[in-house]
Amino acid sequence: MENELKDLENTDEVVLNESEEAAKEMTKATHYTDDDIQVLEGLEAVRKRPGMYIGNTNINGLHHLVWEIVDNAVDEALAGYCNTIHVTVDKGNIVSVEDNGRGMPTGTNAKTGKSTIETIFTVLHAGGKFGGGGYKVSGGLHGVGASVVNALSDFLEVRVKREGTVYYERFENGGHPKGTLEVIGTCDPSLSGTTVTFHPDASVFETTVYEYNTLRKRLQEMAFLNKGIKITLTDKREEEEKHEEFKYDGGIKEYVAMLNSNNSTIQPDIIYVEGSESNVMIEVAAQYNSTYNSQVYSFTNNIHTTEGGTHEEGVKNALTRVLNNYARNQKILKDADENFTGEDVREGLTMIVSCKHPNPQFEGQTKTKLGNSEVKKVANDVFSKGFERFLMENPDQAKAICEKAMGAQRGRIAAKKARELTRRKTDLDVTNFYGKLSDCKSKDPKECEIFLVEGDSAGGSAKKGRDSMTQAILPLRGKILNVEKARIDKALSNEEIRTIITAFGTGIGDDFDLSKLRYDKIVIMTDADVDGSHIRVLLLTLFYRFFKPIVEAGHVYAAQPPLFSIKYGKNTIYALDEAELKKKLAEIPGNVKPVIGRMKGLGEMNADELFDTTMDINKRVLRKITVEDAMAADEIFTTLMGEEVEPRRKFIEEHAEYADLDI
């Protein structure tokens with residue numbers, strides 16, 4: 001009792017101390033003085049808030065450091081002074097970017113009194129892209145690239161070849177100069193360029209390990225967008241060195257050819273248009289294939305404008321208008337026929353739109369949407385002229401394109417009728433929709449989740465074991481339609497797909513509204529075998545093609561049912577895979593003999609077992625499905641789920657060693 005009283009006294013003391021501290025904090029909060037204003041010198045602001053400059057400090061922010069330096073080299077190429085860029089990842093994830101441009105200026109900057117090299121790498125918003133004649137076109141218009149990379153590195157070195165002299169300067173611990181710019185040698189006067197070598201600061205980033213494929217994809221993209229420039233990537237981190245070279249004299253024409261390499265095309269020639277007005281250059285490459293999806297990607301000054309913008313809008317408008325005019329003039333569209341819509345003319349289209357602008361205005365700091373209003377007219381004018389010429393000079397290909405659009409038009413009209421069947425009426429209608437959906441009682445989407453379950457048997461167990469307040473169950477009978485091989489009207493005639501659309505409540509196509517999504521989590525719950533994996537891929541294909549915003553917003557998950565059960569004494573625990581099995585076995589006391597069991601399929605589990613292993617929010621493991629790269633996702637879905645067999649066979653052969661086969 002005495003000890004309990006002491007504990008109570010101590011607790012009271014803690015409460016009093018906390019109250020006093022809280023009162024002090026409140027007093028400080030109400031006294032907002034001059035001393036509360038912080039002034040961050042030099043690069044301190046970058047290290048204090050790195051996310052403001054590179055987006056985040058995870059793997060994406062890590063790679064952003066490389067993009068900033070590479071962008072500077074590409075800007076030299078756009079200005080006409082560089083044609084080769086070498087990127088090297090050395091042991092310890094030390095990155096070097098070397099170009100054969102003019103070499104950074106090495107004199108003294110009049111405004112800072114420091115060398116221009118030191119100014120570029122230590123002063124925010126110092127660079128050659130804010131005016132003057134240094135660069136006509138540039139992607140790095142914020143002018144913070146080099147200094148931000150320096151600020152977030154534990155060391156950075158600069159070597160400049162210029163006018164027969166080699167200059168060098170080193171920075172450490174977040175951009176602090178180690179000495180001054182010095183001459184370290186001579187070189188052939190015909191040689192020039194800049195090499196930047198750096199290592200990311202481990203105290204800033206969650207990881208400092210670069211992913212080869214991420215580097216490879218972006219550098220290849222840069223080479224496509226800047227025809228004739230050679231970009232190499234060398235990885236020296238493993239015993240067997242990797243080296244690749246990217247150089248595309250055909251530029252974005254070769255880009256479209258690569259994106260369409262796994263598809264059968266309906267026209268042999270790639271439509272290519274290039275032109276400029278008012279110092280704005282527009283370049284477009286396009287080709288139709290036999291699929292029912294469109295891939296339209298736009299760039300401004302090599303920056304991927306993932307949300308499009310005025311350049312993409314102008315080209316799309318021109319595409320629709322010109323194709324309608326051609327179809328009318330050639331009597332392909334009759335007087336009684338309605339015009340093609342943008343959706344019709346883009347079915348099966350693979351297109352790259354590249355804009356080079358001396359002063360681009362991006363909407364938002366992320367540079368994902370071009371906002372210059374004048375670009376819309378320029379893009380429309382340039383593409384209209386080139387596309388009209390292509391159609392007139394290639395009548396057979398023009399006819400094939402029009403027939404493709406007509407097929408899409410018929411499908412759209414049929415889909416509109418089928419879509420009416422998926423529109424939600426009342427809660428009762430949905431609850432009893434085809435007698436399948438067991439909805440949850442809560443009407444708050446934020447706390448609701450729906451499980452798409454493989455088969456009636458597993459569906460029955462899930463219904464009995466679920467938390468009926470927040471968990472809805474939708475059993476799926478068999479494998480749903482592969483929408484990669486079907487137009488939307490055929491998909492909407494599929495009963496399973498209509499059930500899913502109705503249950504989600506968002507609608508589809510033109511009717512889609514993410515705000516009407518009825519469940520915060522959409523959980524795919526299938527067996528951990530080949531059939532279960534196939535059903536999961538079919539569902540992911542459906543979501544990516546018809547419900548892409550749901551995936552992008554992070555609402556889609558895959559349940560992870562355990563493969564093993566471990567019984568010892570009166571205890572039962574579960575392991576997701578063999579690695580976790582070994583770990584959990586090691587934690588069991590040595591004097592206890594565990595019994596290891598291979599888990600049955602979901603349909604063979606009883607309700608309690610299914611809930612405990614896969615549905616209980618306190619114990620379960622869910623894998624969140626994300627789309628880091630839309631282009632890569634498009635390519636993989638087309639390869640694995642499309643009509644062409646050979647690309648799928650090649651993909652499986654190349655990746656078979658990484659697969660977990662349940663034999």
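Just so we're clear, the structure is a prediction, and the values are computed from it rather than from any experiment.
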Any side-chain heavy-atom pair of [X] and [Y] under 4.5 Å:
| X | Y | value |
| --- | --- | --- |
| D344 | R412 | yes |
| K356 | N226 | yes |
| D269 | N394 | yes |
| L474 | V453 | no |

Tell me, please, which residues at least two apart from Y326 pass ring pair (Phe, Tyr, Trp, His ring centres under 6.0 Å).
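Residues passing ring pair (Phe, Tyr, Trp, His ring centres under 6.0 Å) with Y326: none at all.
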Residues in side chain to side chain donor-acceptor pair (under 3.5 Å) contact with [X], at least two apart in sequence or another chain:
| X | result |
| --- | --- |
| H63 | none |
| R487 | E347 |
| E277 | none |
| E283 | Y272 |

Can you say whether the rings of Y255 and F224 are parallel (under 30°), tilted (30 to 60°) or perpendicular (over 60°)?
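Rings of Y255 and F224: parallel, as their planes differ by under 30°.
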Ring geometry between F246 and Y248 (parallel below 30°, tilted from 30 to 60°, perpendicular above 60°)
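Rings of Y248 and F246: parallel, under 30°.
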Quick test of your reading of the model: are R328 and D337 salt-bridged, counting only N-O distances below 4.0 Å?
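No, R328 and D337 are not salt-bridged.
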Between E221 and R218, is there a salt bridge with N-O shorter than 4.0 Å?
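A salt bridge links R218 with E221.
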Rounded to the nearest 0.5 Å, what's the gap from CG on N482 to CG on L538? Could you check?
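The CG atom of N482 sits 5.5 Å away from the CG atom of L538.
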Among H534, R536, E454, side-chain hydrogen bond (donor to acceptor under 3.5 Å, both in side chains) partner for T526:
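Going through the options one by one, the only one that passes is R536.
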For K399, is the NZ atom crowded, meaning more than 12 foreign heavy atoms sit under 6.0 Å from it?
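At most 12 heavy atoms, drawn from other residues, nucleotides or ligands, come within 6.0 Å of this atom.
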Do side-chain atoms of S298 reach the backbone of T305 as a donor and acceptor pair under 3.5 angstrom?
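Here the side-chain-to-backbone pair exists.
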Considering only distance and modelled atom types, tabulate donor-acceptor pairs under 3.5 Å from the side chains of residues 379-387, sequence neighbours left out.
{"residue": "N380", "atom": "OD1", "partner": "R321", "partner atom": "NH2", "Å": "2.6"}
{"residue": "N380", "atom": "OD1", "partner": "S384", "partner atom": "OG", "Å": "3.1"}
{"residue": "D381", "atom": "OD2", "partner": "K377", "partner atom": "NZ", "Å": "2.7"}
{"residue": "S384", "atom": "OG", "partner": "R321", "partner atom": "NH2", "Å": "2.6"}
{"residue": "S384", "atom": "OG", "partner": "N380", "partner atom": "O", "Å": "2.6"}

